[in-house]
Peer 1: 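Okay, here's the structure, questions in a sec.
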Amino acid sequence: MRTSQELSALLDRLDGRGYPAYRDLAGSWQLPLPGASRAIAELMVDRVQPDPFAAPSRLRLRLPLEVTGLPRWAVQSPLRRIATGDYLARRFQEAIRTQHRGRTEGSGRSGAIDIDAGGAEILDRTALRVTEDVVEVRFTAGLPAQGRRILGTAARQLLLERIPRIAAESLLPGAWNPRDLQAHIVAAEDHAWLQAELPRLGLVAFVADGAILPRESGVSERPLRGAIPWQSPSELAVEVNLPGAGRVRGTGIPEGVTLIVGGGYHGKSTLLRALVRGVYPHIPGDGREQVVTRDDAWKLRAEDGRRVVGVDISPFISRLPGGTDTTRFNTEAASGSTSMAANLVEALEAGCRLLLVDEDTAASNFLVRDARMQALVPKAIEPITPLIDQVRPLYRDLGVSTIMVVGGAGDYLDVADHVILMEHYRPRVVTERARQVAAQLPSRRQPEAPEPLRLPTPRWIDPASVDPYRGGRQKVKATDLDELVVGWERVDLSAVEGLVDPSQTRAIGAAILYALKQGLFERLPLPDALAEALKVADTGGLERWVRGEPVGNLARPRLLELSAALCRLRTLAVRPGPEHPRPNDNNPKGRRPGS
Ligand code: ADP
Ligand code: MG
């Protein structure tokens, strides 16, 4: 480790030279932090940008835990370390903002400091790593230049003054607030505790009284000010005893089939959206800290135009025109209904046991065929067994619950265990009333009695069909929350609503590369290969997906989203797994003997 005097001297020498000379910064430096503590941090320059307009340089700052004054309890478990890291990353980001004061002199990204501190959710992310001994912040900085000439003075200010001040104002004792830190940890721990507890309570989700569900706008995750807080109807009210917050009353949504009904604009989709995000913990002040959903929930929606390969959608769709095989369904452009069937089966394959459906984003012919349509279009020529006839078997045979927003498809009253009516953003339980209505106004539709359901057999993918190369160079990157580039392919993830952070999308790209390099798809079927990649990241850090490089911009995705991304890659091919004989003339479909 070189001294800060050496760093200062180097910056003097670099002043006025061509930008590439910044390369000499690479390595590790002592960096005294301002303040009474006289703490010395280690500054690591991991990657120096090639020019002022390129992606900014990657830096790390490492401090011994004692220097930060963090108490032992804050680092005692993996989850606490995640929550503490999340909290400190946000403090660091705030310090960047208060320090910034419009200072971006120079060309390109000169002087810009940034950290990937995350949004409304608390995720396992690499931006700030906390261990039992050290705190390590990973951030980026644009090394200052005028044109392509190094600005030595500005660089000295950046590295020897601004960065140390930002670190001191976020990581040293007095800079962070023990009560806020504790609240952050409690939010993460209570969420995890309740999520683990839900199955024992026979619940799939919990919404605490007082929760604020609506957001400020369609493009913001900040809570809506002046919103009506959640108030549980007594019929579904439960009290839980959270380890941090203590006794909390709220709505427990039971396993089975639950409908959310109500007039337009009365808060139905807002509730469902909060449940989609409830698989993750939320930061204090978000309003959804005590909205908790089973972690295997999946927002099921229509996605026409998507590609599908080798999915057994036969429980929902069979006898397609032209004799298309729906036990291994392939299409370059699915319809609304076939995309929903494929999305559902793929979600089950990836472990989903709770479906979240909103009529607004579903294909209506996949949801229900009413009595009139049944009379007009004979079953013999209708390929679809609608969800209304499978939603109970899904629960009975597979233990898969459903929460569904219904505005128009009243036939669903016949299959619901519970009905919640949203009225002026206030929930009421109307299950009894719904039963009466269903009895008084029978739907007259014939249940299209299907066979018992089975979980799909996991597919094996052909690793050669996932090509990360573009013109000889490996190119896998997230361009956005909703888009992953893999080689020449652009993977559209806009229908994958459980993805909440672009750093998750980036991590998915890294995970796919990792799984390919490790030969996981050769050894294991798709969900098991991805579970293996996740296990490695959960024990060794997400950096394991990038050969241990200390990057600061990854956040943990769930297996469901990992799988969903791969399934949307347009080149993906499946192959027969080892336990399936290869297809041959006697066995054109490669079925196992006896099946
Ligand atoms: P629906 O799906 O029933 O048609 P939405 O859930 O889309 O209705 O909600 C309609 C509008 O009401 C949205 O702008 C939403 O932000 C707002 N909203 C939802 N819940 C609340 C609430 N609890 N308090 C205030 N406004 C709310
Ligand atoms: Mg709606």
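Just so you know, ligand 1 is whichever comes first in the structure, and atom 1 is the first atom listed for that ligand. Scope of the values below: all heavy atoms of this structure, side chains included, with no hydrogens, waters or symmetry mates.
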Peer 1: Tell me whether Lys268 has any N or O atom under 3.5 angstrom from an N or O of ligand 1.
Peer 2: yes

Peer 1: If we ignore hydrogens and angles and just use 3.5 Å, is the side chain of Asp304 paired with the main-chain N or O of Ala334 as donor and acceptor?
Peer 2: no

Peer 1: Measure from the side-chain N and O atoms of Thr326 to the backbone N and O of Ile317, and report whether any donor-acceptor pair falls under 3.5 Å.
Peer 2: yes

Peer 1: Say whether Asp360, considering both its backbone and side-chain N or O atoms, lies within less than 3.5 Å of an N or O atom on ligand 1.
Peer 2: no

Peer 1: Which value, rounded to the nearest 0.5 Å, describes the distance between Glu221 atom CD and Asp286 atom CG?
Peer 2: 7.5 Å

Peer 1: Distance to 0.1 Å, residue and atom name: give those for the protein heavy atom nearest to atom 6 (O) of ligand 1.
Peer 2: Thr270 OG1, 2.6 Å

Peer 1: Taking both backbone and side chain into account, is any N, O or S atom of Asp358 nearer than 2.8 Å to the Mg ion (ligand 2)?
Peer 2: no

Peer 1: Quiz question: by atom type and distance under 3.5 Å, do the side chains of Ser217 and Ser220 form a donor-acceptor pair?
Peer 2: no

Peer 1: Kindly confirm or rule out an N or O of Arg273 lying under 3.5 angstrom from an N or O of ligand 1.
Peer 2: no

Peer 1: How does Leu224 reach ligand 1, by side chain, by backbone, by both or by neither, if only non-hydrogen atoms under 4.0 Å count?
Peer 2: side chain

Peer 1: Using non-hydrogen atoms of the residue, decide whether Met422 is closer than 4.0 angstrom to ligand 1.
Peer 2: no

Peer 1: Using heavy atoms and a 4.0 Å limit, tell me yes or no: is Gly263 in contact with ligand 1?
Peer 2: yes

Peer 1: In the protein, which heavy atom is nearest to atom 18 (N) of ligand 1, and how far is it?
Peer 2: Tyr425 CE2, 3.4 Å

Peer 1: Taking NZ, NE, NH1 and NH2 as the nitrogens, is one of them in Asp209 or Arg249 under 4.0 Å from a carboxylate oxygen of the other?
Peer 2: yes

Peer 1: In ligand 1, which numbered atoms sit nearer than 4.0 Å to a non-hydrogen atom of His266?
Peer 2: 1 (P), 3 (O), 8 (O)

Peer 1: About how many Å separate NE2 of His184 and CZ of Arg91, when rounded to the nearest 0.5 Å?
Peer 2: 7.5 Å

Peer 1: Pro233 and side chain to side chain contact (heavy atoms under 4.5 Å, CB included): which partner among Val430, Leu421, Thr251?
Peer 2: Thr251

Peer 1: Could you check whether Glu489 pairs with Arg570 (Lys NZ or Arg NE/NH1/NH2 to Asp/Glu carboxylate O, under 4.0 Å)?
Peer 2: no

Peer 1: Look at Tyr265 and state whether any of its N, O or S atoms is less than 2.8 Å from the Mg ion (ligand 2).
Peer 2: no

Peer 1: Looking at Arg556 and Asp501, does any basic side-chain N land under 4.0 Å from a carboxylate oxygen?
Peer 2: no

Peer 1: Among all protein non-hydrogen atoms, which one is nearest to atom 8 (O) of ligand 1, and what is the separation to 0.1 Å?
Peer 2: Gly267 N, 3.2 Å

Peer 1: Quick one: report the N, O or S atom of Asp360 that is nearest to the Mg ion (ligand 2).
Peer 2: OD2

Peer 1: Which of the atoms of ligand 1 are close to Gly264, meaning less than 4.0 Å from one of its heavy atoms?
Peer 2: 4 (O)

Peer 1: For atom 23 (N) of ligand 1, which of the options Ile228, Ile212, Leu272, Ile260 provides the nearest non-hydrogen atom?
Peer 2: Ile228

Peer 1: Can any side-chain N or O of Tyr425 pair as donor or acceptor with the backbone N or O of Leu213 at less than 3.5 Å?
Peer 2: no

Peer 1: Return the CG to CZ distance between Leu354 and Arg294, rounded to the nearest 0.5 Å.
Peer 2: 7.0 Å

Peer 1: Before signing off on this row, confirm whether Pro214 and ligand 1 have an N or O atom pair separated by under 3.5 Å.
Peer 2: no

Peer 1: Quick test: of every protein heavy atom, which one is nearest to atom 14 (O) of ligand 1, and how far off is it to 0.1 Å?
Peer 2: Tyr265 OH, 3.4 Å

